[in-house]
Amino acid sequence: MQTRRYHHGDLRAALLTRAEQTLREKGPGALSLRELARDLGVSHAAPSRHFKDKQALLDALALAGFERLDEALAASGASAGETFADRLGGFVRAYVDFAIANAELLDLMYTVKHDPAASEALITAAQRLGAMAAELVAEGQRSGEVREGPVESIGMPVFTTLHGFASFAVSSVFSAEEVESGLDAVIAYMLRGCAPR
């Protein structure tokens, strides 16, 4: 096999791309820095310049996943309408779309963020997701579309419902048609739970 040369920064990106592909195809147990190096045609020691061990690689994958999810959710907010229902609908659809397209990565993201050794950057990225959800509820309260009360106690049932639905969607409990039609019902359910009394 011909050894490829990587310029500074290229090998790290290539390792992450190949690691995500392996994660998608074979799961986290199949990830190995040595195997990734072999797949990319570099020395087995080359990945250690970017990741000290497999856990560092998993952390980096999870961090990249949170960053991509944050971007997708932010974009959904930017393109949504003015109402809370529009913004929540966009948020929910963006989250479920991300989950379906990145099931293994999403599972890794939630597993790694709870690891006591999780990096500060990973914890911060996970907290940004919660902050975006909380701000969505708070905006709804300010516009009078969401009932008054602590944001966390209103948002928690909404977003656990969302994550639960996304988990069912990626585990093939629902067909693609059931996911699409069920999403409208789930959004309506969330809106009823948030509605002013």
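Computed over heavy atoms, backbone and side chain alike; hydrogens, waters and symmetry mates excluded.
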Exercise for the section: Return the orientation label for the His163 and Tyr110 ring planes: parallel under 30°, perpendicular over 60°, tilted otherwise. Expected result: tilted
Problem - Aromatic plane relationship, Phe174 with Phe168 - under 30° parallel, 30 to 60° tilted, over 60° perpendicular - result: tilted
Minimum heavy-atom distance [X]-[Y], with the two atoms named:
X	Y	result
Leu136	Phe84	O-CE1, 3.5 Å
Ala169	Val179	CB-CG2, 3.7 Å
Ser43	Ala37	O-CB, 3.4 Å
Ala103	Val170	CB-CB, 3.8 Å
Ser119	Asp59	N-OD2, 4.1 Å
Gly89	Ile187	CA-CD1, 3.9 Å

Please round to the nearest 0.5 Å and tell me the distance separating atom [atom1] of [X] and atom [atom2] of [Y].
X	Y	atom1	atom2	result
Leu58	Leu122	CG	CG	10.5 Å
Asp107	Ser171	CG	OG	11.0 Å
Ser76	Asp86	OG	CG	11.0 Å
Tyr95	Leu73	OH	CG	8.5 Å
Leu129	Phe159	CG	CZ	9.0 Å
Arg18	Leu57	CZ	CG	12.0 Å

Donor-acceptor contact below 3.5 Å, side chain [X] vs main chain [Y]:
X	Y	answer
Glu145	Thr83	no
Glu178	Ser175	yes
Lys54	Leu31	yes
Glu20	Leu105	no

Going only through I, L, V, M, F, W and Y residues with side-chain contacts under 4.5 Å, is there a path from [X] to [Y]?
X	Y	value
Val186	Val173	yes
Leu108	Leu16	yes
Met190	Met132	yes
Ile100	Phe98	yes
Met156	Leu162	no

Practice task
Count the heavy atoms of every other residue, nucleotide or ligand shown that sit under 6.0 Å from CZ of Arg147, and state whether that count exceeds 12.
Solution key: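 More than 12 heavy atoms, drawn from other residues, nucleotides or ligands, come within 6.0 Å of this atom.
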Handout entry: Glu25 atom CD, neighbour heavy-atom count above 12 within 6.0 Å
Key = yes
Exercise for the section: Step by step, work out the side chain to side chain donor-acceptor pair (under 3.5 Å) result for Arg24 and Gln21. Expected result: CA-CA 5 Å; Arg24 188 181 309 271; Gln21 183 181 359; over 6 Å; no
Handout entry: Steps toward side-chain contact (heavy atoms from CB on, under 4.5 Å) verdict (Ile154, Glu148)
Key = CA-CA 9 Å; Ile154 296 167; Glu148 293 181 10; over 6 Å; no
Heavy-atom distance under 4.5 Å between the side chains of [X] and [Y], does that happen here?
X	Y	value
Leu33	His44	no
Glu67	Arg128	yes
Glu152	Val137	no
Phe165	Val92	no
Val158	Leu88	yes
Asn102	Met109	no
Leu36	Phe51	no
Val112	Gln55	yes

Handout entry: Charged N-O contact under 4.0 Å between Glu71 and Arg68
Key = no
Handout entry: Carboxylate-amine/guanidinium contact Arg93 Glu180, below 4.0 Å
Key =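 Looking at Glu180 together with Arg93, the answer is yes, because their closest N to O distance falls below 4.0 Å.
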Problem - Sequence neighbours excluded, every pair satisfying salt bridge (Lys or Arg N to Asp or Glu O under 4.0 Å) that has a member inside residues 129-140 - result: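 Listed by first then second residue: Arg87-Glu139, Glu135-Arg142.
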